[in-house]
Amino acid sequence: PTPPYLKWAESLHSLLDDQDGIHLFRNFLKQEECADMLDFWFACSGFRKQEANEGNEKMLKLAKAIYKKYILDNNGIVSRQIKPATKSFIKDCVMKLHIDPAMFDQAQTEIQTMMEENTYPLFLKSDIYLEYT
Amino acid sequence: IDSEDDLLQECISSAMPKKK
């Protein structure tokens, strides 16, 4: 069978589908001071997943927490990678209490594209990954 | 503040793949 670390090189998705892969990728991002991008990506997925079984109040609290931590501060690594229109859409949703499971989808896509085009290829060439293999 | 961080952490963990 293909060893996991070879699968990680197939796509960002295969990497993020493996606990050890996530762990190593996060270590790399931490070194590059952009681990927040990965945390944000998972927070968006988690937010969407929780919708079915969580009450509205919890969803609102969570949406606010994600907004405050990753988007509000314009100098944050995540905030800098998200388009202004996407940020104001999310801000509007939070301010008007329009909480929707898909409200972070666009922002998540933008961060994912950024990782696919930038940090993921760098990770595959990094010492952290090469030493692991 | 703590509970907000906990909520966020719980949300992030819920999206991670489970150990195989």
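In what follows, every chain begins at residue 1, and chains take the letters A, B, ... in the order their sequences are listed. FYI, side chains are in, hydrogens and waters are out, and symmetry mates aren't considered; it's all heavy atoms of this structure.
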For Pro17(B) against Ile22(A), the heavy-atom pair lying closest together: CD-CD1, 3.3 Å

Glu57(A) atom CD: more than 12 heavy-atom contacts under 6.0 Å: no

Lys58(A) vs Leu7(B), side-chain contact (heavy atoms from CB on, under 4.5 Å): CA-CA, chis, key distance, verdict: CA-CA 9 Å; Lys58(A) 191 175 174 190; Leu7(B) 199 63; 3.3 Å; yes

Interatomic spacing from CE in Met16(B) to NE2 in His23(A) - rounded to 0.5 Å: 11.0 Å

Ile12(B) side, atom CD1; Trp41(A) side, atom CH2 - distance, nearest 0.5 Å: 12.0 Å

Per-residue contact mode, Lys64(A) against chain B (heavy atom under 4.5 angstrom): neither

Region of Ile66(A) in contact with chain B, defined by heavy-atom distances below 4.5 Å: both

Nearest atoms (heavy-atom pairs only) where Cys11(B) meets Ala43(A): SG-O, 3.3 Å

Atom group of Leu38(A) that falls short of 4.5 Å from chain B, counting heavy atoms: neither

Considering all heavy atoms, the nearest Gly46(A)-Ala15(B) contact: N-CB, 3.4 Å

Residue pair Lys49(A) / Ser14(B): nearest heavy atoms and the distance that separates them: NZ-O, 2.7 Å

